[in-house]
Undergrad: 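Structure incoming, see below.
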Amino acid sequence: MGLLHKLYGGLSSRLGSAEQAVYPQTVRSGRGEEVELAQYRGKALLIVNTASKCGFTRQYDGLEALYQQFAPSGLEVLGFPSNDFAGQEPGSDQEIQEFCRLNHGVTFPLFAKGAVKGPDIQPLFKALTERGPKDLRGPVRWNFEKFLVDPQGNLVGRWRSYVTPQSGALVRAIQRVLPAGSQARS
């Protein structure tokens, strides 16, 4: 395994965490409104820290494809722009929203830009990196890390940047945590 894959491509998932990571959490939308994540209770969530000027920015296309494929079955993709890594998200919330819509056709929710590491870390990312299974804990290392949360709000999977949204392991993990009774389209 190469060093870059080890740093950014690690894959891990498990079912049955006992500690909720996302409820109750409140975040700020890209328009500055407070959003209670509890509104997503009952859905599977793929939470991703994003950036518009990163080598992984093309993953917006794959995230949108996942959203289109699995939203009818109960998946929400939630994007959280961050400028924590090499200044790769310098834009305002409005500029980020427009860039993602025009260049990548993003229709999934994008939230306000904020810290995903360090002393100013958003409470959601503090919970995602410090709660749940021990092997899924630890600081965000780069843009486009993906956190999979089950319909009850438990962190059940985490993938580093090099794991693309179309990775078979990620897609299978999403399918496993879709709400009961949903029919995923292939």
Side-chain angles (χ1 to χ4, degrees), residues 8-9 11-13 15 21-23 25 27-31 33 35-82 88-89 91 93-114 116 122 124-125 128 140 142-186:
Y8 305 112
L11 170 66
S12 185
S13 71
L15 295 175
V22 299
Y23 308 127
Q25 294 283 337
V27 295
R28 201 166 43 91
S29 76
R31 294 186 182 126
E33 303 157 341
V35 175
E36 302 241 354
L37 289 180
Q39 76 181 20
Y40 296 108
R41 189 180 301 276
K43 294 187 175 198
L45 306 178
L46 186 64
I47 298 172
V48 186
N49 68 302
T50 62
S52 299
K53 300 194 180 306
C54 174
F56 296 108
T57 298
R58 66 187 174 276
Q59 287 192 21
Y60 272 125
D61 297 322
L63 292 169
E64 179 62 22
L66 278 179
Y67 182 61
Q68 292 299 318
Q69 180 179 2
F70 293 114
S73 301
L75 174 71
E76 290 289 338
V77 175
L78 307 178
F80 288 85
S82 176
Q88 294 181 346
E89 188 55 274
D93 289 335
Q94 182 178 354
E95 290 168 331
I96 294 165
Q97 298 273 337
E98 187 173 314
F99 170 84
C100 291
R101 184 177 45 80
L102 293 175
N103 294 292
H104 299 283
V106 168
T107 61
F108 59 83
L110 288 169
F111 292 85
K113 182 168 72 172
V116 299
Q122 298 173 70
L124 172 62
F125 280 87
L128 289 171
V140 173
W142 201 253
N143 302 309
F144 289 91
E145 283 202 25
K146 298 148 201 79
F147 297 85
L148 183 61
V149 175
D150 71 14
Q152 293 75 43
N154 303 305
L155 177 64
V156 295
R158 181 176 177 179
W159 293 265
R160 303 276 186 213
S161 306
Y162 273 104
V163 176
T164 67
Q166 279 62 50
S167 161
L170 175 58
V171 171
R172 286 188 299 276
I174 289 169
Q175 289 172 322
R176 283 194 309 266
V177 299
L178 288 172
S182 65
Q183 297 298 315
R185 292 183 290 155
S186 297

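All values below come from the heavy atoms of this structure, side chains included, with hydrogens, waters and symmetry mates left out.
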Undergrad: Report the residues that fulfil salt bridge (Lys or Arg N to Asp or Glu O under 4.0 Å) with Arg28, sequence neighbours left out, ordered by chain and then residue number.
TA: Asp93
Undergrad: Just how far is it from atom CG of Leu110 to atom CD of Gln97, taken to the nearest 0.5 Å?
TA: 5.0 Å
Undergrad: How close do Ser73 and Pro179 get, heavy atom to heavy atom, and via which atoms?
TA: O-CD, 3.3 Å
Undergrad: Who pairs with Thr107 by side chain to side chain donor-acceptor pair (under 3.5 Å), at least two apart in sequence or on another chain?
TA: Glu64, Gln68
Undergrad: Say you draw a straight line from NZ of Lys113 to OG1 of Thr50; how long is it, rounded to the nearest 0.5 Å?
TA: 10.5 Å
Undergrad: Could you check Phe144, Phe56, Trp142 and say which one makes a ring-ring contact (aromatic ring centres under 6.0 Å, His included) with Tyr162?
TA: Phe56
Undergrad: Which residue pairs satisfy the salt bridge (charged side-chain N to carboxylate O under 4.0 Å, His left out) criterion with at least one member in residues 42-56, sequence neighbours excluded?
TA: Lys43-Glu76
Undergrad: Quick one: list whatever passes side chain to side chain donor-acceptor pair (under 3.5 Å) with Gln122, sequence neighbours left out.
TA: none
Undergrad: Calculate, to the nearest 0.5 Å, the distance between atoms CG and CG belonging to Leu37 and Leu124 respectively.
TA: 6.0 Å
Undergrad: If the condition is ring-ring contact (aromatic ring centres under 6.0 Å, His included), which residues does Phe99 pass it with, not counting sequence neighbours?
TA: His104
Undergrad: Tell me the closest heavy-atom pair linking Leu148 and Leu155, and the distance in Å.
TA: O-CD1, 3.5 Å
Undergrad: Can you confirm whether Val22 sits close enough to Ile47 that some side-chain heavy atom of one is under 4.5 Å from a side-chain heavy atom of the other?
TA: yes
Undergrad: Let me see the working for Tyr23 and Tyr40 under ring pair (Phe, Tyr, Trp, His ring centres under 6.0 Å), right down to the final yes or no.
TA: CA-CA 9 Å; Tyr23 308 127; Tyr40 296 108; 8.6 Å; no
Undergrad: Looking at CD1 of Ile174 and CG of Leu45, how far apart are the two atoms once the value is rounded to the nearest 0.5 Å?
TA: 11.0 Å
Undergrad: Residues in side chain to side chain donor-acceptor pair (under 3.5 Å) with Gln88, at least two apart?
TA: Asn143
Undergrad: Provide the closest heavy-atom pair for Ser52 versus Ile96 in the form atom of the first, atom of the second, distance.
TA: OG-CG2, 4.4 Å
Undergrad: Might you point out which heavy atoms bring Pro151 and Ala44 nearest each other, and give the distance in Å?
TA: CG-N, 4.1 Å
Undergrad: Got a sec, which residues hit side chain to side chain donor-acceptor pair (under 3.5 Å) with Ser82, two or more places apart in sequence or on another chain?
TA: Asp84
Undergrad: Suppose we screen for side chain to side chain contact (heavy atoms under 4.5 Å, CB included). Which residues come up paired with Gln39, at least two apart in sequence or across chains?
TA: Val35
Undergrad: Is there a donor-acceptor contact under 3.5 Å from the side chain of Asp150 to the main chain of Gln152?
TA: yes
Undergrad: Please determine which of Val177, Leu78, Leu75 meets the side-chain contact (heavy atoms from CB on, under 4.5 Å) test together with Leu46.
TA: Leu75
Undergrad: Using the test side chain to side chain contact (heavy atoms under 4.5 Å, CB included), find all partners of Gln166 that sit at least two apart in sequence or belong to another chain.
TA: Ala65, Leu66, Thr164
Undergrad: With rounding to the nearest 0.5 Å, note down the distance linking OH in Tyr60 to OH in Tyr67.
TA: 15.0 Å
Undergrad: Could you grab the distance from atom NZ of Lys146 to atom CG of Leu63, nearest 0.5 Å is fine?
TA: 6.5 Å
Undergrad: For Phe147, what residues pass the ring-ring contact (aromatic ring centres under 6.0 Å, His included) criterion, not counting sequence neighbours?
TA: Phe125
Undergrad: Could you pull out all residues at least two apart from Arg31 that satisfy side chain to side chain contact (heavy atoms under 4.5 Å, CB included)?
TA: Ser29, Glu33
Undergrad: Can you sort out the partners of Glu95 under side chain to side chain contact (heavy atoms under 4.5 Å, CB included), two or more places apart, ordered by chain and number?
TA: Ser92
Undergrad: Using side-chain heavy atoms (C-beta onward) and a distance below 4.5 Å, is Val149 in contact with Leu128?
TA: yes
